[in-house]
Amino acid sequence: MRAAASVRAATTGLLLAHRLREQVPVWAPILEAARISTTCRHHPHRAATTTIFLSETEFGPRRGPRQGLFLFGPGALARHNGGFCAGVTLFAPLTEVRHLKSCIGQEVALRGWVRNARTSKTRFIELRDGSGFVQCVVGASEADAESYETAGKLTQESAISLTGIVQSHPKTGEPEILVKSLKLIAPSVDFPITPKDHGIEFLMDHRTLWLRSKRQWAIIRVRHTIVKAIRDFFDTDGFTLLDAPILTPSSCEGTSSLFETDYFHEGMAFLSQSGQLYQEPGVPAFGKVYCFGPTFRAEKSKTRRHLTEFWMVEPEMAFAGLEDVMQLGERMTKFILQRVLEGRQEELKILERDTAPLEIALKESFGRMSYTDSVAKLKELGSDINWGEDFGNDDETMLMNSMDRPLWVHRFPKSFKAFYMAFDPQSPELALGADLLAPEGYGEVIGGGERSSDIDYLLTQIEHHGLNLADYEWYLDVRRFGGVQHAGFGMGLERAVAWICRLPHVRETIPYPRMMGTLRP
RNA sequence: UCCGGUGUAGCUCAGUUGGUUAGAGCGCUAGACUGUUAAUCUGGAUGUCGGAGGUUCGAGUCCUCUCACCGGAGCCA
């Protein structure tokens with residue numbers, strides 16, 4: 001089927017082409033170029049290849065290739081006619097798998113990689129192009145002989161281009177391609193990750209190739225949506241982005257171990273384990289700020305919830321206390337859940353994620369429990385925890401087993417919280433902090449609270465924690481010059497992704513995980 | 001770092017109280033068959049049994065050391 005572009009569309013293309021003629025080299029980088037065969041009505045024997053630019057940036061996906069709105073680059077047509085020929089016939093416009101649902105009945109061209117090829121009389125190719133997955137059917141009667149031959153010899157992860165008619169799968173109803181022609185762009189020999197099971201060590205060693213798998217594709221796309229949701233949430237909520245440095249002169253919290261590196265005459269620099277202390281000076285400057293970037297912990301912890309390099313979003317706001325932190329964290333979490341549930345259904349389905357718990361977390365108010373109450377409850381449940389001790393992993397799961405939604409645990413003993421935490425004026429042994437525990441065994445996702453505005457208290461805290469006062473002078477300035485109540489939190493991105501995707505381990509939530517024993521690839 | 005476990009074909013694994021020529025499935029390869037979907041069926045090729053040392057007539061199997069990985073704990077987001 002040859003989809004002839006209407007005269008009007010062709011004329012539009014012609015006009016655009018004239019306008020673009022000089023600009024194409026400049027525009028090219030932002031346009032997507034595809035070489036597509038075209039023929040001219042007046043010179044049918046001069047079938048030629050020209051370059052067509054499909055610009056989604058300019059025209060949006062709704063006016064995609066099937067509408068025939070193209071920008072014509074200077075090509076063969078310009079040569080034989082001294083300009084552009086209006087009688088252009090286009091066929092098989094290049095598209096992406098994600099657009100196929102709106103292309104039923106059209107002829108399209110696709111490029112991508114062979115996920116799996118089942119050879120038989122009718123040949124089936126599972127194609128992925130990064131935007132989605134589609135089955136391509138190569139039948140002896142529909143495809144040309146050479147293409148049919150090629151389709152029978154395809155190996156896993158070969159790169160191919162093809163043209164064909166988009167139709168509905170007779171059984172599933174999903175779009176599939178009835179192939180007319182197929183070309184091998186680049187072969188792939190002995191792709192290591194076969195369709196059968198693999199061990200985690202092998203997969204981690206081949207992380208770059210593992211990213212091509214359906215499961216990893218789904219996870220990384222959910223991660224992307226979560227990152228975008230986080231940014232959109234703060235950007236539209238009046239927060240200003242205040243990037244925190246990654247190279248820092250000293251420990252931010254003085255607790256966990258840091259990665260060190262030589263830093264000229266300064267001696268040592270450390271990779272940041274939190275941007276929070278650098279957010280606080282942003283509070284009097286911008287009112288509400290956040291940072292979102294990688295952080296590093298040299299902890300020798302090997303668990304399903306730890307990475308040595310992970311991403312953290314850390315908002316900080318003026319004239320705010322513990323209650324504001326819990327409300328902000330809850331709103332943000334729900335915003336993220338909404339975005340994922342709206343836009344990533346296909347990915348959640350691939351991950352076999354039961355979305356019911358996410359729907360509950362989105363609709364219901366999060367639980368709240370003070371540390372003191374939760375210790376009492378844990379004792380009831382049989383834990384040997386004592387007041388004043390931090391939760392162990394078992395305590396956390398025990399506490400969450402009866403919860404069907406996230407839970408805020410608040411007002412911890414000061415003793416095991418960071419030096420800068422404000423204390424509760426009603427019971428000074430308590431810190432005004434709150435942690436958000438995710439359900440389904442995922443545990444702490446957010447930690448935050450109110451920061452102390454009391455400079456004298458902070459001075460004693462710094463001394464008490466054995467920190468070098470000189471390193472914190474700028475931090476104390478936040479209190480010296482118009483210090484006000486302020487509060488914020490940090491959310492570990494990978495833990496959020498792991499929970500929302502319901503993954504057994506955070507190592508799959510980041511493209512290139514860094515862990516205690518993992519630095520490559 | 002501590003405790004526990006695993007290491008055998010490219011991958012996932014089986015391999016008996018130590019015994020003679022180390023197996024299966026997948027993948028690969030040749031073919032058959034089929035709107036298939038981790039397709040199926042038939043044939044074929046494929047091994048430093050993690051490494052080093054030791055016990056023994058004989059070690060994939062037992063012992064010692066070592067390396068890698070997995071799971072858990074502590075610490076944390």
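Residue numbering restarts at 1 for every chain, and letters A, B, ... go by the order of the sequence lines. What you are looking at is a predicted structure, and each value in this text was computed from that prediction instead of being measured.
As a whole-Å value, the separation of N116(A) CG from A39(B) P is 4 Å. As a whole-Å value, the separation of K417(A) NZ from C75(B) P is 12 Å. Rounded to a whole Å, the CG atom of D384(A) is 14 Å from the P atom of A73(B).
The shortest distance between the side-chain N/O atoms of R118(A) and the OP1/OP2 oxygens of U36(B) is not below 4.0 Å. For G71(B), one of the phosphate oxygens OP1 or OP2 lies less than 4.0 angstrom from a side-chain nitrogen or oxygen of R507(A). When the side-chain nitrogen and oxygen atoms of K121(A) are compared with OP1 and OP2 of U34(B), none of them lie within a distance under 4.0 Å. One finds a side-chain N or O of K171(A) lying less than 4.0 angstrom from the OP1 or OP2 phosphate oxygen of U36(B).
Between the base of C11(B) and the side chain of H198(A) there is no donor-acceptor pair shorter than 3.5 Å. With hydrogens and angles left out, the side chain of R305(A) and the base of C75(B) share no donor-acceptor pair within 3.5 Å. For E176(A) against G35(B), a side-chain N or O and a base N or O form a donor-acceptor pair under 3.5 Å.
Across all strands shown, D435(A) has no heavy atoms under 4.0 Å from either base or sugar-phosphate atoms. As judged by a 4.0 angstrom heavy-atom cut-off over every strand, G443(A) is placed among residues making no nucleic acid contact. Among the protein residues, M312(A) comes within range of the sugar-phosphate backbone only, with heavy atoms under 4.0 Å from sugar or phosphate atoms but none that close to a base. Note on Q167(A): a base of the nucleic acid sits closer than 4.0 angstrom, heavy atoms only. At the heavy-atom level, F310(A) lies under 4.0 Å from base atoms of the strands shown. Here S301(A) lies in heavy-atom contact (under 4.0 Å) with a base. Within the nucleic acid shown, P192(A) has no heavy atom closer than 4.0 Å to any nucleic acid atom. At a threshold of 4.0 angstrom between heavy atoms, the contacts of L493(A) with the nucleic acid are absent. Q135(A) comes within 4.0 angstrom of a nucleotide base, judged by non-hydrogen atoms across all strands. Within 4.0 Å of I193(A), counting heavy atoms only, lies no atom of the nucleic acid at all. Contacts of T303(A) with the nucleic acid, taken as non-hydrogen atoms under 4.0 Å apart, include base atoms.
Comparing the P positions of C63(B) and G44(B) gives an interatomic distance of 38 Å, to the nearest angstrom. Taking the C1' atoms as reference points, U21(B) lies 14 Å from G47(B), given to the whole Å. For A22(B) and A9(B), the C1' atoms lie 11 Å apart once the distance is rounded to whole Å. Going from the P atom of G53(B) to that of G58(B) covers 16 Å, rounded to whole Å. To the nearest whole angstrom, the two P atoms, one in U6(B) and one in G15(B), are 12 Å apart. Nucleotides U17(B) and U37(B) are separated by 47 Å at their C1' atoms, to the nearest Å. For the P atoms, the distance linking U48(B) with A77(B) amounts to 46 Å, nearest Å. When the P atom is used for both A14(B) and U61(B), the distance is 16 Å, rounded to whole Å.
The side chain to side chain contact (heavy atoms under 4.5 Å, CB included) check on D471(A) picks up S250(A), N468(A), with sequence neighbours excluded.
Between R451(A) and E316(A), at least one side-chain N (NZ, or NE/NH1/NH2) sits under 4.0 Å from a carboxylate O, which counts as a salt bridge. Of the charged side-chain nitrogens involved, none lies within less than 4.0 Å of a carboxylate oxygen, so that E347(A) and R353(A) do not count as a salt-bridged pair. The pair E157(A)-R128(A) meets the salt-bridge criterion, with a side-chain N (NZ, NE, NH1 or NH2) lying under 4.0 Å from an Asp/Glu carboxylate O.
RNA chain B is contacted by both M204(A) and T119(A); T119(A) maps to the nucleotide lying nearer its 5′ end (nearest heavy atom per residue). Comparing E396(A) and H505(A) by the nucleotide of RNA chain B whose heavy atom lies nearest to each, the residue mapping closer to the 5' end is H505(A).
Side-chain atoms of W387(A) and T372(A), non-hydrogen and from C-beta on, do get closer than 4.5 Å to each other. Side-chain contact between Y148(A) and R123(A) is present, with heavy atoms from C-beta onward closer than 4.5 Å.
Residue F124(A) and nucleotide G35(B) are not classified as a stacked aromatic pair, given the requirement of ring centres less than 5.5 Å apart at an interplanar angle below 30°.
Between F412(A) and F416(A), the ring-plane angle classifies as perpendicular under the 30° and 60° cut-offs.
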